[in-house]
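For reference, the structure discussed in these notes is given below.
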Amino acid sequence: MPEGDTIWRAARTLQRAIGGRVVTRFETVLVKLARVNEDTPVTGRVVEGVESAGKWLVMRFSGDLVLLTHMLMSGSWHIYRPGERWKRSRYDMRIVIETAEWLAVAFTVPVAEFHTAASLERREGFRTLGPQVLGAGFDAEQAVVNLRSRPDLEIGVALLTQRLVAGLGNVFKSEVCFACGVNPFRTVASLSDDELRALMDAAVKLMRANITERSGDPIVTYFGLRQTTGRSDPTENLWVYHRTGKPCRKCGTAIMGRKHGIDARSSFWCPQCQGM
């Protein structure tokens, strides 16, 4: 499931593979992108940089053209050598950006838009992003202030609200709450500033642990299972996420799971370790 760590790693790998290189071919099945490409071709432009912004991926081309993508639940970017066989069907292809050495292929990307720098700054959902957990200058205090602005929200919902704090998804939200002993159904109003700061510290720690390189190959985006427990056994990679009914790895109590919020996103928690 793409969360901020997934997008951060994808941006890093795309930057290493095609950053600073000239686009030799651009292909897309998305009508809106194709129309822009017809008027202002992508081929011949330089990929000036690729970066993540929360759960968004931003690819900047020379000539003030920006490709903005969001993976939602199932999208992904792949990197291939020219002529290399794809690991997914061409039916799932949405975008191909080719350079002399690498192809970047977006599969089943549900949100893909071309922007100028100016229009990107106006894009709803992007311009209002809160502090980015994986950003170089993550402002934890501002994130706490933002969270405080919505005292009515359950903290499990607040942590997923990207305009408050950007990058956390459903997995990390549950894992961060467990790491801090905070029940995800508590309201922001019920939490102290120290508890909110602890949540932000845990978010940075857990997410950064999942962008640390584990391979000598710089062109790698997939690290295997997401890890929050620090345990070497791959079957014990997470504390609570999707472990409903299974024993808590700390106290043995059965893990619980329940949906909440307008979007009915699921939270998982230990009723003993994370009592109300």
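Partner of W56 under the side-chain contact (heavy atoms from CB on, under 4.5 Å) criterion, out of I7, V111, T69: V111 alone.
Of the charged side-chain nitrogens involved, at least one lies within less than 4.0 Å of a carboxylate oxygen, so that R21 and E101 count as a salt-bridged pair.
Interatomic distance, CZ of R231 versus CG of D233, reported as 9.0 Å (0.5 Å rounding). Between atom CG of residue N183 and atom CZ of residue F178 there is a gap of 12.0 Å, rounded to the nearest 0.5 Å.
Hydrophobic cluster membership is shared by V133 and I211, with clusters built from Ile, Leu, Val, Met, Phe, Trp and Tyr side chains linked at under 4.5 angstrom. There is a path of hydrophobic side-chain contacts, each under 4.5 Å, that joins V47 to I79.
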Practice item. Mind running salt bridge (Lys or Arg N to Asp or Glu O under 4.0 Å) on K173 and E3 for me, showing each step along the way? Key: CA-CA 10 Å; K173 170 258 293 181; E3 296 193 20; over 6 Å; no
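In plain terms, the two heavy atoms of A11 and S52 that are nearest each other are CB-N, 3.7 Å.
The aromatic rings of F26 and F114 sit tilted, their planes meeting at an angle between 30° and 60°.
By the 4.5 Å heavy-atom criterion applied to side chains, L103 and P82 are counted as neighbours. Looking at R258 and F185, their side chains come closer than 4.5 Å, going by heavy atoms from C-beta outward.
R90 is linked by a side-chain contact (heavy atoms from CB on, under 4.5 Å) to E27, W86, M93, counting only residues two or more places apart in sequence or in another chain.
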